[in-house]
Participant: 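Below: one structure in structure tokens.
Convention: sequence-line order gives letters A, B, ...; per-chain numbering from 1.
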2 protein chains.
Amino acid sequence: MESKKHQNFNRRHVRESGSARPSLTREGIVRAALKIMDEDGYESLSMRRLGAKLNVDPMAVYYHFPNKSALLDGVVELVMGGIDLSCDDPTQTVEERLCVAAHYYREALLAHPQAVQITAVRSLNTPASLRPVEYLLEILLGTGISHTDSLAFVNIFARFVRGMVLLEIRQMTDTDSLAQEDCTLKSLGDSLPTDEFPLLHKVMENGCFIGEEAEFERGARALIHGLLDEFANKEQAGDQDVK
Amino acid sequence: MESKKHQNFNRRHVRESGSARPSLTREGIVRAALKIMDEDGYESLSMRRLGAKLNVDPMAVYYHFPNKSALLDGVVELVMGGIDLSCDDPTQTVEERLCVAAHYYREALLAHPQAVQITAVRSLNTPASLRPVEYLLEILLGTGISHTDSLAFVNIFARFVRGMVLLEIRQMTDTDSLAQEDCTLKSLGDSLPTDEFPLLHKVMENGCFIGEEAEFERGARALIHGLLDEFANKEQAGDQDVK
DNA sequence: ACCTGAACACCGTTCAAGT
DNA sequence: ACCTGAACACCGTTCAAGT
């Protein structure tokens, strides 16, 4: 059902006539949309503006996408497709491999902070989003962790990375509207009811902040370590499920 | 500066004349806004609809809030104010106390899933959001963890909880539009390119999913354990910063 | 098959005006 | 001090029409 008009990634019979008419492609539209977000923020993407950027009537996009929501799904796919875990080195320890994966996962998301913001509110049960998950599953199952535990692990792991990055981006866009030289710190401390948050103030007032990346890496390492610990102990206790 | 008109939480000289005119309160407006979100989703909150719910001209709200964004900040404050960590039991181990805190943190957020969605995209450097953070800091500093490490710990911890819950809510609203009897699983599996995700399919097809709450609790425990491990080792290595 | 353009029902916000 | 109501500049989307 569902009007297969919108299913195909339109390679039409236009292509072989040279590049006479670039016309409109699903991919071209999505890239333009992403570009608008990257440049001016996710909230300034409108169908009308998109049409302008593509030198086309705003409504032309509706031939290729049923609505704006579908277009945004396309943008999400494009961004999530940028996650590349192929640098994985199977000779390393599992812990190390997962840490590296977390690192590149984050890096890919940080390439398009504005677009990542919209993922907070959109479905992530999509091929490009699940490809890294499938890959991580392979690593975990390879170590003898049970199906049940691997699924839990991978869910927790992927949410950790996405959630962490999402909120890092939030903080980013909060603070770079003010003094961005001192990372995230004084900007916050100043606007805070000093007497109700004595500890926060004490802890922030002399460069205690280790930086976003270091913080992420520490968190990732701790989580991975903790999960491996827990599951490793469980498996040797012998409660494997269906192999 | 900043027009103190919008600063006070308007207790005006109206109150002592009995409840003759309830008129409009900042709090009343915010509660109404939250209610609309709870009932019909965050995206169906509009100034016009809010006015209707309050039996008032839509523009009346603009006397109490400079714009919709400020109103949403109010909603966020209301929801974050619902986080209550006072059930903390200092006689327990730190690990246990933090796990309990994570549990109630999550619980409070899950009370208003729709409103939590908007926090993904709004500043969280706000009193109600930081109050739990301040409290957690107290726990951590009390164990002798350094300032630097406590700050990192608390940042990671708070982001973990928020991010986790945020993405849990996303998944929730994705899946309850379809078959909601089997938790999160088949609904996903069906719409998935079966051949590209063999492991995901294998792992999901017989009830391997342990449930959202269990998953969260496991993740939280693993993270907390991992962080305590790392920092405990560090402190005894002697690199304390200013006490 | 692919794009246009007018039209519709909504937004958030401003501002002068009412009480 | 607090609320109203018209008006403005935007939205996303539908639909009949053009090529």
Side-chain angles (χ1 to χ4, degrees), chain A residues 3-17 19-30 32-33 36-37 40-75 118 121-122, chain B residues 3-17 19-30 32-33 36-37 40-75 118 121-122:
Chain A
S3 75
K4 69 176 314 196
K5 179 176 44 159
H6 290 300
Q7 300 275 30
N8 62 357
F9 264 76
N10 60 343
R11 284 289 150 262
R12 307 198 205 276
H13 49 79
V14 181
R15 266 280 159 260
E16 56 264 32
S17 66
S19 56
R21 297 292 313 282
S23 93
L24 239 39
T25 335
R26 271 183 65 102
E27 191 183 338
I29 296 173
V30 170
I36 292 178
M37 287 180 151
D40 289 1
Y42 69 95
E43 46 194 350
S44 56
L45 173 69
S46 75
M47 299 306 264
R48 290 166 148 91
R49 171 123 184 230
L50 182 56
K53 181 137 207 151
L54 293 165
N55 290 312
V56 107
D57 184 285
M59 299 306 106
V61 175
Y62 281 92
Y63 180 77
H64 303 271
F65 295 89
N67 49 40
K68 188 181 183 181
S69 179
L71 171 65
L72 292 179
D73 285 340
V75 175
I118 72 171
V121 106
R122 307 199 66 77
Chain B
S3 77
K4 70 175 312 192
K5 181 175 44 161
H6 290 300
Q7 300 275 30
N8 60 0
F9 263 74
N10 62 343
R11 283 291 151 262
R12 307 196 205 276
H13 51 78
V14 182
R15 263 283 159 257
E16 57 264 31
S17 66
S19 59
R21 298 293 313 284
S23 92
L24 238 38
T25 337
R26 270 184 66 101
E27 192 182 338
I29 296 172
V30 170
I36 292 177
M37 286 180 152
D40 288 1
Y42 69 94
E43 45 193 351
S44 56
L45 172 68
S46 75
M47 300 307 265
R48 291 167 149 92
R49 170 120 185 234
L50 181 56
K53 180 137 209 153
L54 293 165
N55 289 315
V56 105
D57 185 285
M59 299 304 107
V61 175
Y62 281 93
Y63 180 78
H64 302 272
F65 294 89
N67 49 43
K68 189 180 182 181
S69 179
L71 171 66
L72 292 180
D73 286 340
V75 175
I118 72 172
V121 105
R122 308 199 66 76

Participant: Taking all heavy atoms of A:G28 and all of A:L54, pick out the closest pair and write down the distance.
Facilitator: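 Scanning both residues completely, I find the closest heavy atoms to be O-CD2, 4.3 Å.
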Participant: Find the distance between CZ (B:R26) and CG (B:L24) and round it off to the nearest 0.5 Å.
Facilitator: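 Rounded to the nearest 0.5 Å, the CZ-CG separation comes to 11.5 Å.
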Participant: OP1 or OP2 of D:dT13 versus the side-chain N and O atoms of A:Y62: is any pair under 4.0 Å?
Facilitator: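 Yes, A:Y62 has a side-chain N/O under 4.0 Å of OP1/OP2 on D:dT13.
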Participant: Counting N and O atoms only, with roles assigned by atom type, does the side chain of A:R122 sit under 3.5 Å from a partner on the main chain of A:S69, one being a donor and the other an acceptor?
Facilitator: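 Indeed, once roles are kept as given, a pair shorter than 3.5 Å links the two residues.
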Participant: Does OP1 or OP2 of D:dC3 have a side-chain N or O of B:H64 closer than 4.0 Å?
Facilitator: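 For B:H64, the contact criterion (side-chain N or O under 4.0 Å from OP1 or OP2 of D:dC3) is met.
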Participant: Nearest of C:dC3, C:dG12, D:dC11 to any side-chain atom of A:S46?
Facilitator: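 Of C:dC3, C:dG12, D:dC11, D:dC11 is nearest to the side chain of A:S46.
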Participant: For B:N67, check side-chain hydrogen bond (donor to acceptor under 3.5 Å, both in side chains) against everything at least two apart and list the hits.
Facilitator: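 With neighbours one apart ignored, the set is empty.
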Participant: What protein N or O atoms touch nucleotides 16-18 of chain D N or O atoms at under 3.5 angstrom, if any, and at what distances?
Facilitator:
none

Participant: Measure CG/A:L71 against C1'/D:dC11 and give the value in whole Å, please.
Facilitator: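 In whole Å, D:dC11 C1' lies 15 Å from A:L71 CG.
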Participant: Keeping to residues at least two apart or across chains, list the salt bridge (Lys or Arg N to Asp or Glu O under 4.0 Å) pairs with something in residues 58-71 of chain A.
Facilitator: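 For residues 58-71 of chain A, and leaving out neighbouring residues, there are no salt bridge (Lys or Arg N to Asp or Glu O under 4.0 Å) pairs at all.
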Participant: Provide, to the nearest angstrom, the distance between the CZ atom belonging to A:F65 and the P atom belonging to D:dT14.
Facilitator: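 Checked: the CZ to P distance equals 16 Å.
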Participant: Quick one: which protein N/O atoms are closer than 3.5 Å to N/O atoms of nucleotides 5-9 of chain D? Pair and distance per line, please.
Facilitator:
residue	atom	partner	partner atom	Å
D:dG5	N7	B:D57	OD1	3.4
D:dG5	N7	B:D57	OD2	3.4

Participant: To the nearest Å, give me how far apart CG (B:N67) and C1' (C:dT13) are.
Facilitator: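 Going from CG in B:N67 over to C1' in C:dT13 covers 9 Å.
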Participant: So B:L50, base contact, sugar-phosphate only, or nothing? Heavy-atom distance under 4.0 Å.
Facilitator: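 Touches nothing.
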Participant: Quick one: list whatever passes side-chain hydrogen bond (donor to acceptor under 3.5 Å, both in side chains) with A:D57, sequence neighbours left out.
Facilitator: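 Listed in chain order: nothing, the list is empty.
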Participant: Nearest whole angstrom, please: distance from the P of D:dG12 to the CD of B:E43.
Facilitator: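 To the nearest whole Å, that distance equals 14 Å.
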Participant: Tell me the interatomic distance from A:R26, atom CZ, to C:dC3, atom C1', rounded to whole angstroms.
Facilitator: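 My rounded result for the distance is 17 Å.
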Participant: Is the shortest side-chain heavy-atom distance between B:V121 and A:E43 below 4.5 Å?
Facilitator: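 No; the side chains remain at least 4.5 Å from each other.
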Participant: What I'd like to find out is whether the side chain of B:F65 reaches to under 4.5 Å of the side chain of B:I29, using heavy atoms alone.
Facilitator: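 Yes, at least one pair of side-chain atoms sits under 4.5 Å.
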Participant: Of all the heavy-atom pairs spanning B:A32 and B:K53, show the shortest one and how long it is.
Facilitator: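 Heavy-atom minimum between the residues: O-CD, 4.3 Å.
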Participant: Are B:L50 and B:L71 side-chain neighbours, meaning at least one heavy-atom pair lies under 4.5 Å?
Facilitator: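 With C-beta onward as the side chain, the pair touches.
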Participant: Should stems be defined as at least three consecutive Watson-Crick or G-U pairs with both distances under 3.5 angstrom, which of them involve DNA chain C?
Facilitator: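 So far as stems of 3 or more pairs are concerned, DNA chain C shows C:4-8 with D:12-16, C:12-16 with D:4-8.
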Participant: For A:M47 and D:dT14, give me the distance from atom CE to atom C1', rounded to whole Å.
Facilitator: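 Result: 13 Å.
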Participant: Mind checking whether B:H64 and B:V30 have side chains closer than 4.5 Å, heavy atoms only?
Facilitator: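 With C-beta onward as the side chain, the pair stays apart.
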